[in-house]
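A short worksheet on the structure shown next.
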Amino acid sequence: MSLKGLHRKFKNTEFEGTEFDPIAAFESEGIPENPHHIPMNRFSEPSNDYSQYFEKIESTHTKLARALKKLNDYQLQAVFSNDKKVLLSAMVGSGKTTVLTHKILYIHFIKGVPLSQMAVLTFTNKAAREIKERILSFYENSTPPDNNELRYFGTFHSIARQLLKEHPNLEKLGFTSTFSIMDQEAKEDFLQRLILSHELDVKYRNKLDKRLKLYRNEKQILYGNMKKPDDLDQLLKLSREEKQANNLMDFDDLISVANWLLNQQKTFLPNWIIVDEFQDCNNEQLEFIRYLNGIQTHFFAVGDPNQSIYAWRGSTSKIFKNYIEDSSCKIMRLPFNYRTSGQILNAASCLLQEDENALQATRSEGKKLIIRNHFDDHQEAYYYVQKFKELYGKGAAWEEIAILFRTRQQITIFESIFQLEGIPCEVVSKTSLREQIALFWLQKLLLSGLHPNDMDSILQVFTSSDFGCLNAGKRLLTTFNKFTEGKKFESKLEAFSYFLSVKHKKHNQHIELSQKLLGLPDYLCSKKENQDLYNYLSLDVFLKPTSINYQEYVSDIKIALKELDHYTSKNYFGDWLEIYQAAMSQVNLEGHFQINNGIQKISNGVRLLTIHAAKGLEFDYVFLSGANSGIIPLERKKASHDHLKEEKRLLFVALTRARNHMEISWHTQSNAWNAQDGPSYFLNSIPSSLIEKLSPSVDAPIPKHEEEIKIESKASLKWQIGTKVKHPKYGTGEIISANTQDVICDFGKFGEKSFASAWAPLVKV
DNA sequence: TCTGGGTAAATTTTT
DNA sequence: TTTACCCAGA
């Protein structure tokens with residue numbers, strides 16, 4: 001039943017006089033209890049004496065023994081356990097990564113399991129890197145393991161890629177082991193190109209990804225106002241064929257093709273499978289784990305059912321249920337939170353409705369959870385300006401302050417006001433390579449040289465508005481297709497090079513570039529000494545030393561090439577071409593060229609981020625902004641019980657990011673259409689003794705009017721008619737009109753688009 | 001090619 | 001509530 005229906009049904013009946021509680025309403029409808037819930041009696045409790053283990057470790061590995069001594073009994077139980085199947089329910093802030101790394105070290109050093117016999121699976125590169133770094137830091141005086149030994153430590157996708165490359169049957173599917181990986185954006189380009197060159201009729205083209213998902217999962221072909229099916233079906237078929245023909249896989253293919261092959265023949269059965277953030281697994285990832293699971297394999301998964309906030313992305317909601325019901329699975333827990341001060345943690349755990357003992361505070365009581373009312377987001381932003389200056393004055397670091405939001409749209413206004421008022425701030429979100437023009441081009445350049453059938457990369461190289469020579473679009477595709485019809489070429493790149501030399505004779509520099517790209521594999525294999533890709537490809541010619549951005553482009557590219565050089569030398573095993581291909585796959589999987597060590601972020605400033613982006617992070621001071629009902633939980637047309645529960649866990653995640661100070665704000669007059677009056681009704685489940693309700697302090701400066709801010713921020717902007725700009729969706733365009741209100745931009749094939757001047761998502765090219 | 005009616009969707013994001 | 005855009009008719 002829909003939320004509205006429930007509301008009607010329960011209004012003026014059971015819930016008369018009290019606020020309508022959709023979760024309770026759903027539950028009284030007879031919807032089963034939380035599948036994430038693990039009953040207390042299901043947990044195996046630790047013993048209180050692990051000294052027998054220590055005697056043995058101390059005599060041989062003093063450093064490890066010293067590290068393990070710092071752990072509590074629950075953590076030691078998980079580290080020492082030798083059960084075949086363990087699920088560790090790690091409460092928020094309970095030292096999950098510590099347990100994970102110590103467990104790996106323990107089974108390696110004490111149980112003698114080689115690292116190459118472990119599959120350590122994570123969801124993000126960041127987590128994978130952290131685990132590897134912590135392990136390497138244990139090898140102070142001895143030779144650390146090399147990358148080859150750690151080749152099954154990584155993200156699901158990178159391990160799937162590794163197994164695909166090693167699989168003997170890969171070629172039977174039409175792929176070779178040097179397949180290239182398309183990131184999300186490359187996949188979009190790929191599909192759009194297929195639509196153009198095959199003249200397909202596909203509706204809602206900029207919602208393609210969503211439509212494909214609906215089609216794959218629910219066979220739904222109609223979308224929005226569509227009355228009859230379009231060519232989506234045909235697009236999928238063409239896409240499959242083209243991917244095989246050109247040796248390309250997208251992120252989803254990595255896992256699904258790996259599963260398909262492993263189903264035919266299992267090639268790697270590790271001694272141990274260790275999974276991080278287990279609650280985020282989707283069905284395909286679970287299947288992947290099952291294919292790695294041999295008779296001898298030990299399985300150890302760590303997750304937190306209370307931090308499951310990615311069901312919308314496909315994580316399996318019943319994931320814990322199956323393990324709870326499986327009696328061969330030992331279930332352990334880490335109940336002690338070391339991060340958040342007592343009162344805030346207690347308030348957060350009121351959102352869980354779990355057993356009381358599940359989550360226990362270890363820190364002192366600290367301050368209460370603050371719920372503060374602001375008139376609107378402007379007033380709130382100015383309140384923070386004052387507040388943060390005060391905190392900074394008292395010695396707090398900017399980086400220890402974070403403002404969390406439910407949606408990204410809420411962030412922009414804070415960013416512009418902080419910039420005006422001189423509060424250093426940084427929006428935390430993953431940046432796409434596409435935003436760094438030179439690096440994006442370099443990526444496509446190398447990809448076309450290394451994978452000469454990757455048509456999309458070739459097109460990006462030669463139709464780049466900055467460094468290319470041709471115009472992208474349908475006309476180019478048709479003429480190229482016509483030109484190659486009936487002719488035989490070794491590769492798409494060769495065909496394109498020939499096409500250029502016949503049809504576009506005047507672009508001799510680009511013709512030369514295409515020939516250099518054709519020779520790239522040979523160059524890499526023969527001239528490893530003093531390799532200099534920058535000069536080999538004569539990049540100076542294309543980056544144009546006279547252009548304003550020349551210096552920036554050159555330094556970006558040189559740093560990137562250095563990273564590649566480092567990576568390829570470090571991982572070299574006898575084939576330079578292959579290692580460069582591997583390096584570029586890594587760039588695709590990570591979304592940047594910094595593939596060797598951690599991403600050094602040398603920024604300082606208050607962090608502005610969504611709650612989702614904040615998962616796994618912690619700060620001294622956390623502010624959750626604009627938490628009205630309707631925003632948390634975010635109102636949708638079709639609300640479901642599961643959706644609401646997930647939103648509640650999201651609020652839980654937000655509150656548990658804080659170490660010492662947690663403040664939730666709500667607005668009297670919100671700018672969001674779906675915001676209702678009053679703070680999130682989820683907060684009603686927190687007893688008032690744990691909450692301090694406040695209004696902004698009276699001496700806060702009078703907030704500036706919205707118009708004023710728009711004008712001021714416009715003054716610092718650069719929208720002038722004729723400026724070339726880049727938009728994340730529409731690509732490059734040109735400003736054709738700009739005033740205090742809006743800016744209108746022409747994007748060629750996408751036509752003219754208008755944006756609000758103050759926060760148009762445009763980047764000057 | 002342009003206009004207006006009608007209807008669904010709007011959010012979170014890693015690889 | 002506002003936006004996007006399909007689709008039918010001018």
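Within every chain, numbering begins at 1; the chains are lettered A, B, ... in the order of the sequence lines, protein sequences first and strands thereafter.
Two rings, from A:His451 and A:Phe179, have their centers 6.0 Å or more apart.
As rounded to whole Å, 13 Å separates atom C1' of B:dT13 from atom CD of A:Glu185. Note: CZ (A:Arg313) to P (B:dT14) measures 7 Å, nearest angstrom. As rounded to whole Å, 11 Å separates atom P of B:dT14 from atom NE2 of A:His592. Separating the CZ atom of A:Arg161 from the P atom of B:dT14 is a distance of 21 Å, rounded to the nearest angstrom. When the P atom of B:dT13 is taken as reference, atom CD of A:Glu277 falls 15 Å away, rounded to whole Å. Between A:His612 atom NE2 and B:dT13 atom C1' there is a gap of 8 Å when expressed in whole angstrom units. As a whole-Å value, the separation of A:Asp252 CG from B:dT14 P is 15 Å. Protein atom CG of A:Asp230 is 14 Å distant from nucleotide atom P of C:dC5, rounded to whole Å.
In this structure, A:Lys213 fails the cation-pi test against A:Tyr215, since its NZ or CZ atom is not both closer than 6.0 Å to the six-membered ring centre and inside 45 degrees of the ring normal. Geometrically, A:Arg649 does not engage A:Phe652 in a cation-pi contact defined by less than 6.0 Å to the ring centre and at most 45° from the axis.
Taking only side-chain nitrogens and oxygens, A:Thr610 comes nearer than 4.0 Å to OP1 or OP2 of B:dT13. Considering only side-chain N and O atoms, A:Lys615 lies nowhere under 4.0 angstrom from the phosphate OP1 or OP2 of B:dT13. Between A:Asn674 and the phosphate of C:dT1, there is no side-chain N or O to OP1/OP2 separation shorter than 4.0 Å. Residue A:Asn671 places none of its side-chain N or O atoms closer than 4.0 Å to OP1 or OP2 of C:dT1.
Going from the P atom of C:dT3 to that of B:dT13 covers 22 Å, rounded to whole Å.
Under the 4.0 Å criterion applied to side-chain N and carboxylate O atoms, A:Asp454 and A:Lys444 are not assigned as salt-bridge partners. Using a cut-off of 4.0 Å between Lys/Arg side-chain N and Asp/Glu carboxylate O, A:Lys615 and A:Asp304 are scored as not salt-bridged.
A search for side chain to side chain donor-acceptor pair (under 3.5 Å) contacts involving A:Thr267 returns nothing, not counting sequence neighbours.
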* Asked: Going through the distances and angles, do A:Ser670 and A:Asn628 end up as a side-chain hydrogen bond (donor to acceptor under 3.5 Å, both in side chains)?
  -> CA-CA 8 Å; A:Ser670 173; A:Asn628 288 48; 5.2 Å; no
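Nearest nucleotide to the side chain of A:His157, out of C:dC6, B:dT15, C:dC5: B:dT15.
Across all strands, A:Asn125 comes closer than 4.0 Å only to sugar-phosphate atoms, never to a base (heavy-atom distances).
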* Can you check each nucleotide of nucleotides 5-11 of chain B against protein heavy atoms at under 4.0 Å and return B for base, S for sugar-phosphate only, - for none, in 5' to 3' order? => -BBSBBB
